[in-house]
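Indexing begins at 1, ligand by ligand and atom by atom, following the structure's order.
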Amino acid sequence: MHKVAVLTSGGDASGMNAAIRAVVRSAVFRGIEAFGVHQGFEGLINEEIEGMNAGSVADIIHRGGTILQTSRSEGFKSIEGMQKAAERLWSRGIENLVVIGGNGSLRGGAEFSQLGINVIGIPATIDNDVPFTEAIGFDTAVNTVLEAINRVRDTASSHGRIFVIEVMGHDCGEIALAAGVAGGAESVLIPEIDTDFNQVLEKINQGIARGKLHSIIIVAEGVYPAHQLKNRIEAATGHDTRICILGHMQRGGTPTAVDRILASRMGKYAVDSIFKSERNIMVAGEGSRIFSVPLQTVVAGELTPKLELYEIARMLSI
Ligand code: F6P
C-alpha cells in the first residue's frame, strides 16, 4: 500500500486547507495512507508528523490559512537538513510527499526529490508567480484587494483625494494588474515594467480636468515606496494624497469558490498521479485544464508577464 505525507510551506494562501482536504480525502478514497506534516519542511526535520483520516480534514474547506501551519525553513536548505527530513519519511515507509506552496517551496521539493522521495507539488501562493500554472490563493487575494479598492474609492470620492494603494506580490505584478483592471485604477505600477512617473501624473491631471472625483494608483510592493510616491504626487499635483498599504490582510480570509475548486481539483490530481506512479511533478492548472509539469521544468521555468492586462489597464483608465 502507498503512503503519502502532505505539508504546506512558505507564505500561506487561502485555499491551502481545501488542498490539504482534497489530498487527504482522495488518498483515503484510493486506499492510500495519509499523513500530515506540521510547520512545513521544518516540521519534517523535527518529526512533526501525524496520521490523517477523512475526519482530520472536516470543516476546513472554507477556512483561510493552513491547519498544518507553515514555515520558511532554514534547516531544510542544507543537505544535512534534507537528509534528516528524508529519514523521517523513510522510517515510516512514506515514499510520497505532497508539497503545497509557492516557488521557494517547489524548488525545495525538487531538490528533496533527488534523495529518492517522490515529490508532488501543488502551487499555492497569492503572488501567482509559479510558471506554467495558476496558483491557489491568488483569486482570493485579488478579491480582497478589490473589496479594499471599493471601500477606499468611496472615501476618496467624498474627499476628492488621490489614493496610493500598495499590494503584495513579492517581485511579481500579478495582484496589482488583476486588481487594477478589475478595480478601474488610474495607474498600475508593477516591477516588470519601468515606471513612467510623468505618465502617472498625466493620468491624474487628465482625470481631474474631466471632473473625476478621485484617482486610485495601485503599486506593487517593492516598485516604489508608497509614502515616497504619495509625496511626489502631492508635490507635483498639489492634490491631497493618502496611502493605504494592504499588507498581510491579503493573505487571510475565507477562500473564494474559484480557489476552493482549483484546490480540490489539484489535490485530487496529486493523489491520482501517485496512484498512477507518476513521479516528481507539479500539478498545474489553466482554465478548465489540470495537467502535470515535471518539477525540474517548473524550477527552470520563467514567468511571462501579463502585458495584455497592463495594456488594458493603461487603455481603459483614460
Ligand atoms: O509570497 C507571498 C508573500 O505574501 C509576498 O507577496 C510577500 O512579499 C511575502 O510573502 C511576505 O512575506 P512574510 O509573510 O514573510 O512577511
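- The shortest contact between atom 8 (O) of ligand 1 and any protein heavy atom is with E221 OE2, 2.5 Å.
- Nearest protein neighbour of atom 10 (O) of ligand 1, counting heavy atoms only, is R251 NH1, 3.1 Å.
- Listed by number with element, the atoms of ligand 1 under 4.0 angstrom from any heavy atom of I126 are 4 (O).
- The nearest heavy-atom contact from the protein to atom 16 (O) of ligand 1 is H248 NE2, 3.2 Å.
- Ranking the protein heavy atoms by distance from atom 15 (O) of ligand 1 puts R72 NH2, 3.2 Å first.
- At under 3.5 Å, a nitrogen or oxygen of G169, whether backbone or side chain, sits near a nitrogen or oxygen of ligand 1.
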Please determine whether side chain to side chain donor-acceptor pair (under 3.5 Å) holds for the pair N143 and D139, giving the CA-CA distance in whole Å, both sets of side-chain angles, and the decisive distance to 0.1 Å. CA-CA 6 Å; N143 279 290; D139 187 71; 3.2 Å; yes
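- Note that K276 lies in the cation-pi zone of Y269, set by a 6.0 Å cut-off to the ring centre and a 45° limit from the axis.
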Using atom types as modelled, flag every donor-acceptor pair under 3.5 Å from a side chain in residues 277-288 to any protein atom, sequence neighbours excluded.
residue	atom	partner	partner atom	Å
E278	OE2	S292	OG	3.1
R279	NH2	G116	O	3.2
N280	OD1	V119	N	2.9

Quick one: side chains of residues 42-49, donor-acceptor pairs under 3.5 Å with protein atoms, not counting sequence neighbours, listed by atom name and distance.
residue	atom	partner	partner atom	Å
E42	OE1	S73	OG	2.5
N46	ND2	E42	O	3.3
E47	OE2	R92	NH1	3.3

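- Taking 4.0 Å as the cut-off between side-chain N and carboxylate O, K3 and E95 do not count as a salt-bridged pair.
- For atom 2 (C) of ligand 1, the nearest protein heavy atom (residue, atom name, distance) is D127 OD2, 3.3 Å.
- With salt bridges taken as basic N to acidic carboxylate O contacts below 4.0 Å, none links K84 and E80.
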